[in-house]
Protein chains: 2
Amino acid sequence: MALTISDIAKLSEVSTATVSRVINSPEKVSESTRKKVMEVIKKHNYQPSGLAQSFRTKKSKTLALFIYDIDNPFYAKLIKELNKMAFDRDYTLIICDTENNKDRELEYINYINQNKIEGLIMTEGISTDHFNKLNNNMYLVCIDRDLDCELPYLRVTTNNRESVAKAIEYLVNLNHKKIAFVSGPKDVKTSIERKNGYLDIIKKYELPVDGDYIYQGDFKRESGSNALDYFLSLSELPSAIFCSNDLMAEGLLARALSLNIDIPNELSLIGFDGVSKALYKPLTTIKQDIHGIAKTSINGLISMIEGGVKGNTVKEISGEFLIGETCRRLKSGEE
Amino acid sequence: MALTISDIAKLSEVSTATVSRVINSPEKVSESTRKKVMEVIKKHNYQPSGLAQSFRTKKSKTLALFIYDIDNPFYAKLIKELNKMAFDRDYTLIICDTENNKDRELEYINYINQNKIEGLIMTEGISTDHFNKLNNNMYLVCIDRDLDCELPYLRVTTNNRESVAKAIEYLVNLNHKKIAFVSGPKDVKTSIERKNGYLDIIKKYELPVDGDYIYQGDFKRESGSNALDYFLSLSELPSAIFCSNDLMAEGLLARALSLNIDIPNELSLIGFDGVSKALYKPLTTIKQDIHGIAKTSINGLISMIEGGVKGNTVKEISGEFLIGETCRRLKSGEE
DNA sequence: TTGAAAGCGCTAACAG
DNA sequence: CTGTTAGCGCTTTCAA
């Protein structure tokens, strides 16, 4: 059996309180006893029981991440970053894979309450109903997401609207006029913002774009492929398509390849996220600063937890427009 | 503050012991008191503190997963399955992203010891030195991996050798003779087994294949692309290439596309894993039964933990050969 | 079938 | 600066 604090206390000929101090607030212990105790600790490779510490302090040092699509490489990367940063700050991160399923969410909420999870990071796509059941001293961060809930929270987001606007404007500068847009799911904040960015530029340049050039996708690869089929069914094919995420751009590109449609020569394409790799040509896209998002989220969350303060704040992280090889400049006059 | 067991005891006019029994072994309580207590529990939505339970029983109900490449979609899917199954069995799964870094591993091993993690699932690519530091009542499962360690463990693996042999034989039956192979990293068990499957068939049919047709990759996408460049530099291009995982096959395919090499008309291609989606044509591949692997791993691990037994066992899960559209039948005589 | 009581390993007043 | 002591919320003998 592993040694306990009282074993160490006996071996060091001090009290358990002193051992505890050596571990948690060494400055409160005289150098000589600290040394003495540390030696014993080292010698026996004593490690305090995390279970006992958590129990005693009522702090689990655990965070939970709500996510609904681990398969999306954007989220896979985000998980990687968050997990790493949490661990580096001595917190454990639990992945709650909700699959957008309400029962699942509820189970996780119960889990969170039972296990004294200290903070929650939420990503898109989760229903809102259950969140009142959260312990109301829960600390919250929402990444790219709005939450209808009494609890205040930190919102971390990419500047979706401006980034998309920039990308669309880039197409305009390449003389594109017939620019189509593949959106994400209807009620999702990021979807809406990205679409607004598109509409901003359409309006600004008074481009002749009607509803036909907007296809509602769902952020999944397949809807990109469906989008292309839809646009092909129109009387006038757009000359450029913006997809609201890379996954859909990939789907669209794959479909184009299989139909022998040359990108960018016949069709220009832009994505969003900056996580595509499998393509034969680098995708022009808006790269989200996943590292920055993760860092802001974890640091923000932990400082709320440790400072005991909450508040509604928004931190916007800039996306980076990456020019790949999937857009072509139209000759003037060309459509 | 949340209610505690003694609050419930008072409200139900029984002892805490009885409340505990109602929760953990209701059969030991008379129906009437059980009902009475359950009502109070329901009414107040009492949830026992997981922290206290873990502390008291010294069972964290937590498993850890060692992984080094969350980005690889095979692992992303595996994580998803494992996470879900663990949760369904009331265990928490912690993701230890080692990044193949020894210090990181050591930190995680310490974490595991401190927090009384009950079981460990390991995947490929982790060094072996630290594992002696593991509490020696740790329960272990290795997925597709061998471990040099005193602890007995359950090994769960796809029948790599046979699956690859089957795929290569398929190429032979399509009249391919010049079949090249892109391996994974050198010392990794699955790499070796997959290569052996290839060599088995090469030998069986006495195919004229020398070392030139074997390229050592590293399971990353980029090495697939490099592999193609390498094969193109040979005096005789192979007519078919087997990649030891899908990621490398994707890389190779992307490179082929950008070089205008038609797959499968100029070159046949097979992968391994069954996780590719981004391709313009479905990849012929060996699909690993990720669900089965996860299920066997979690169930095996938990029954070891709860049964208190360990043992060296191997469970082989069959891969499924999936014929996509990346292989072509050669006319007899054609090379 | 139930209750009393001890104690898991640690931290945090409080007193000295 | 250090020790004593109480107690976190739960489970588990042991006795009744």
Side-chain angles (χ1 to χ4, degrees), chain A residues 1-38 40-41 44-62 90 111 113-118 135 137 306 308, chain B residues 1-38 40-41 44-62 90 113-118 135 137 306:
Chain A
M1 226 24 239
L3 292 184
T4 70
I5 198 171
S6 70
D7 295 324
I8 300 301
K10 272 174 212 150
L11 289 166
S12 326
E13 298 173 302
V14 296
S15 70
T16 60
T18 297
V19 178
S20 176
R21 284 185 201 107
V22 169
I23 293 166
N24 300 301
S25 38
E27 73 282 1
K28 292 187 184 162
V29 178
S30 77
E31 194 179 329
S32 59
T33 48
R34 188 180 3 145
K35 262 192 163 170
K36 188 173 60 175
V37 174
M38 278 308 293
V40 177
I41 288 178
H44 296 273
N45 190 30
Y46 164 71
Q47 291 174 299
S49 155
L51 249 35
Q53 287 177 315
S54 293
F55 168 62
R56 175 58 230 241
T57 59
K58 294 185 178 8
K59 305 222 174 291
S60 63
K61 296 268 244 174
T62 301
D90 275 321
Y111 173 86
N113 286 332
Q114 265 196 43
N115 292 279
K116 308 273 178 292
I117 304 293
E118 299 186 63
N135 205 320
N137 54 358
E306 299 190 342
Chain B
M1 225 24 237
L3 291 184
T4 71
I5 197 171
S6 69
D7 296 324
I8 300 301
K10 272 173 211 148
L11 289 165
S12 327
E13 298 173 301
V14 296
S15 70
T16 60
T18 297
V19 178
S20 176
R21 284 186 199 107
V22 168
I23 292 165
N24 300 301
S25 37
E27 73 282 1
K28 290 186 184 161
V29 178
S30 77
E31 196 178 327
S32 59
T33 47
R34 189 183 358 150
K35 263 191 164 170
K36 187 174 60 177
V37 174
M38 278 308 293
V40 177
I41 288 178
H44 297 272
N45 190 29
Y46 165 69
Q47 291 175 300
S49 153
L51 248 36
Q53 287 177 316
S54 292
F55 168 61
R56 175 57 231 241
T57 60
K58 294 185 179 7
K59 304 220 174 294
S60 64
K61 295 267 240 173
T62 302
D90 275 321
N113 286 332
Q114 267 196 41
N115 291 280
K116 307 275 178 291
I117 303 294
E118 298 187 64
N135 205 320
N137 55 357
E306 299 189 342

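Everything numeric in this text was worked out from a predicted model, so none of it was measured. Reminder, nothing fancy here: chain letters follow the sequence lines and each chain counts from 1.
The shortest distance between the side-chain N/O atoms of Ser15(A) and the OP1/OP2 oxygens of dG3(D) is below 4.0 Å. For Ser30(B), a side-chain nitrogen or oxygen approaches OP1 or OP2 of dT2(C) to under 4.0 Å. Distances shorter than 4.0 Å separate none of the side-chain N or O atoms of Gln53(B) from OP1 or OP2 on dG9(D). At the phosphate of dT11(D), OP1 or OP2 sits under 4.0 Å from a side-chain N or O atom of Ser20(B). Here Tyr46(B) reaches the OP1 or OP2 of dC10(D): one of its side-chain N or O atoms lies under 4.0 Å away. Between Thr16(A) and the phosphate of dC10(C), there is no side-chain N or O to OP1/OP2 separation shorter than 4.0 Å. For Thr57(A), no side-chain nitrogen or oxygen approaches OP1 or OP2 of dT11(C) to under 4.0 Å.
The separation between Lys59(A) atom NZ and dA12(C) atom C1' is 14 Å, rounded to whole Å. Nucleotide dT12(D) holds its P atom 13 Å from the CZ atom of Phe55(B), rounded to whole Å. Rounded to an integer number of Å, the gap from CZ of Arg56(B) to P of dG9(C) is 10 Å. Put simply, CG on Leu51(A) is 12 Å from C1' on dC10(D), counting in whole angstrom units. As rounded to whole Å, 10 Å separates atom C1' of dA13(C) from atom CZ of Arg21(A). If you take NZ of Lys28(B) and C1' of dT13(D), they are 11 Å apart, rounded to a whole angstrom. Whole-Å rounding puts the Ile5(B) CD1 to dT11(D) P distance at 5 Å. Rounded to whole Å, the distance from CG on Leu3(A) to C1' on dC10(C) is 15 Å.
Across all strands, Thr33(B) comes closer than 4.0 Å only to sugar-phosphate atoms, never to a base (heavy-atom distances).
Taking a 6.0 Å sphere around NZ of Lys36(A), one finds it holds more than 12 heavy atoms contributed by other residues, nucleotides or ligands. In the displayed structure, Glu306(A) atom CD is contacted under 6.0 Å by more than 12 heavy atoms of other residues, nucleotides or ligands.
When atom types are taken as modelled, the side chain of Ser49(B) and the backbone of Ala52(B) share a donor-acceptor pair closer than 3.5 angstrom. Checking side-chain atoms of Ser15(A) against main-chain N and O of Thr18(A) turns up a donor-acceptor pair under 3.5 Å. With hydrogens and angles ignored, the 3.5 Å screen pairs no side-chain donor or acceptor of Thr16(A) with any backbone N or O of Ile5(A).
Each of Lys58(A) and Val19(B) was assigned the nucleotide of DNA chain D with the nearest heavy atom; the assignment lying further toward the 5' end belongs to Lys58(A). Each of Asn24(A) and Glu13(B) lies near DNA chain C, and the nucleotide nearest Glu13(B) is the one positioned closer to the 5' end.
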